[in-house]
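Note sheet for the following structure.
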Number of protein chains: 2
Amino acid sequence: MSKANVTAGERPYHHGDLQRAIVNAALEVLSETQSTEFSLRELARRAGVTHNAPYKHFADKRELLAAVSAVGFDLLAKRLTNAMQGQTSPRARLFAIARDYVRHGVENPALYRLMFGGYLTGPGDARPAIEIVAAEKTKALLADAIAQGALGRPLPKTPRNERKIAAGILIFWSLMHGLTLLLVDGLVGPSRKTDELSESVLQGMLEGLAKRISALPAGVWVGPREPAK
Amino acid sequence: MSKANVTAGERPYHHGDLQRAIVNAALEVLSETQSTEFSLRELARRAGVTHNAPYKHFADKRELLAAVSAVGFDLLAKRLTNAMQGQTSPRARLFAIARDYVRHGVENPALYRLMFGGYLTGPGDARPAIEIVAAEKTKALLADAIAQGALGRPLPKTPRNERKIAAGILIFWSLMHGLTLLLVDGLVGPSRKTDELSESVLQGMLEGLAKRISALPAGVWVGPREPAK
DNA sequence: CGCTTAAGTGGTCATTGTCAACATCGCCAA
DNA sequence: TTGGCGATGTTGACAATGACCACTTAAGCG
């Protein structure tokens, strides 16, 4: 096989972009099996290379998983940016973010768990740099929305407001992260109602639980499993 | 040896309560390595039995992990029940629950992840029964606290209120679950301020983000890593 | 043309999950 | 008492895996 040139494909080397091929294969397997316990060898098989080729690109299985996770963060950031585009008011943007955040998780459970899960829990080491960048991007989106008034009135990014904005981000993020994972774990549901759920949960939080609790949409259960079918 | 003596321990059979020994070993390794990627063989080694004695008690590694997870739920339920004891007002009980919930997670990261993580994500099968029971218990605690007025005014458990209570539980749980995991993942922190954090987050949510945002305690960062050290 | 070096190949090793065949013990029925 | 039975634990074996190694190939460059 001399060149084996694909249409526009860039394959400057033997296989051509094995790195990407491996990551893609991982994403495939991840969405098929919803588990990170695939073998590097299988990814190699899928990419049509020998069991060892991936090690030229990833020192470690961990490193490969980190790359996959980073892709997940990128997808999320793109998706959120996209979701905001159509919305005009800061409040609407906040809801759009919430909706698509939860969706992203529910639609890619294993990926979401990989992104936030503890595959690096052992050494307590630092997170891969790519992840940090992507997560920061997401955080910036939130900060903007809040500064522009997503929580009711604008909160310009003055040093004085900084901490309040951070508090808002933390609460919002906690809420959405928790809801997403509860849905992913099947602890609340059903998971096809994610849009209604994220909306009503966010709504309830914004108005303040102590004041009014907006009830859940019908047919939603809270708890480990549907109590009665 | 005729009848196993009860003095130093109950070992009515060969090893005696291997089941528990294995689970305990798993809990040990879990807290040492903070990872669920230990081998059944190592647990067997620790228990002083041969490599697949455990398989007489657990069909699967999955089944073993499920048992460990169930223990985690039990510990959590006990802890929450305990935390509530001292408190008099429903509101105080809610805060106590929040505090100890987050603590439980932060102090046992891997265990908490195991409890809610996706080691059973593959087949989408049902959760082990023991987990469900323990989780239901926790949920009942919350329902009581809310019914008694933890969110401001009492919400007696009438059919009419049922859905509102469920909504309250969901929001509260999502928030605490999310916060716990963000802390566990080191995405916010530092994690020694968990008490202040859970309190201020809960406070912020109760009062309603749209109304007043209570600022974060000082020295807390929101995001993937401490921005400047 | 020959050199350097990244990309891919094949082989190897300890470890792991799981299976099947045996051994051992308490218990119960004959 | 005895013999068997089932639960418990043991031994040996197997394929698959993560990781490492030395080797080969081919791209790019002077």
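Fair warning: this is a prediction, and the values are worked out from it, not measured in the lab. Below, chains carry the letters A, B, ... as their sequence lines are ordered, and counting in each starts from 1. Only heavy atoms go into these numbers, but all of them, side chains included; no hydrogens, no water, no symmetry mates.
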Using whole Å, what does the distance between atom [atom2] of nucleotide [N] and atom [atom1] of [X] come to?
X: B/Ile22; N: C/dG17; atom1: CD1; atom2: P; value: 12 Å
X: B/Glu37; N: C/dG17; atom1: CD; atom2: P; value: 11 Å
X: A/Gln19; N: C/dG8; atom1: CD; atom2: P; value: 10 Å
X: B/Leu65; N: C/dG17; atom1: CG; atom2: P; value: 10 Å
X: B/Leu43; N: C/dT16; atom1: CG; atom2: P; value: 10 Å
X: A/Leu40; N: D/dG18; atom1: CG; atom2: P; value: 5 Å

Task: Pair A/Lys137 + A/Asp74, salt bridge at N-O below 4.0 Å - done: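 The answer is no: the pair does not qualify as a salt bridge.
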Task: Charged N-O contact under 4.0 Å between A/Lys61 and B/Glu37 - done: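 Judged by the 4.0 Å cut-off on N to carboxylate O distance, A/Lys61 and B/Glu37 do not form a salt bridge.
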Task: Heavy atoms of other groups near A/Glu162 CD, more than 12 under 6.0 Å - done: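 No, CD of A/Glu162 has 12 or fewer neighbouring heavy atoms, counting only those of other groups under 6.0 Å.
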Scan the side chains in residues 43-51 of chain A for donor-acceptor partners under 3.5 Å anywhere in the protein, sequence neighbours excluded, and list what turns up.
{"from": "A/Arg46", "atom 1": "NH1", "to": "A/Glu28", "atom 2": "OE1", "distance (Å)": "3.2"}
{"from": "A/Arg46", "atom 1": "NH1", "to": "A/Glu32", "atom 2": "OE2", "distance (Å)": "3.3"}
{"from": "A/Arg46", "atom 1": "NH2", "to": "A/Glu32", "atom 2": "OE1", "distance (Å)": "3.0"}
{"from": "A/Arg46", "atom 1": "NH2", "to": "A/Glu42", "atom 2": "OE2", "distance (Å)": "3.4"}

Open item on the list: Testing A/Asp195, A/Thr194, A/Asn108 one by one against A/Arg103 for a side chain to side chain donor-acceptor pair (under 3.5 Å), which residue passes?
Closed with: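 Exactly one pass, corresponding to A/Asp195.
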TODO: Return yes if some donor-acceptor pair links the side-chain N/O of B/Lys139 with the main-chain N/O of B/Ala166 below 3.5 Å, else return no.
DONE: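 Flag not set: sc B/Lys139 to bb B/Ala166 has no pair under 3.5 Å.
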- [ ] Quick one: label B/Ser39 by what it contacts on the DNA or RNA (base, sugar-phosphate, nothing), any heavy atom closer than 4.0 Å.
- [x]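 B/Ser39: backbone/sugar contact only, no base atoms under 4.0 Å.
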Task: Short side-chain N/O contact from B/Arg45 to OP1 or OP2 of C/dT16, under 4.0 Å - done: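 The answer is yes; a side-chain N or O of B/Arg45 sits under 4.0 Å from OP1 or OP2.
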TODO: Using a cut-off of strictly less than 4.0 Å between a heavy atom of the residue and any atom of DNA chain D, enumerate the qualifying residues of residues 53-61 of chain B by number.
DONE: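 The stretch gives B/Ala53, B/Lys56, B/His57 as the residues lying under 4.0 Å from the strand, ordered by number.
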Grab the N/O contacts between the protein and nucleotides 12-14 of chain C below 3.5 Å, and write none if there aren't any.
none

TODO: Kindly assign one of parallel, tilted or perpendicular to the pair B/Tyr112 and B/Tyr101, based on the angle between their ring planes and the thresholds 30° and 60°.
DONE: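 Taking B/Tyr101 first and then B/Tyr112, their aromatic rings stand perpendicular (interplane angle over 60°).
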- [ ] Assess the pair A/His104 and A/Phe73: is the distance between their ring centroids shorter than 6.0 Å?
- [x]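 No: the rings miss the under 6.0 Å criterion.
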- [ ] Taking all non-hydrogen atoms of both residues into account, name the closest pair between B/Ile171 and A/Leu175 and its distance.
- [x]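 The answer is O-CD1, 3.6 Å.
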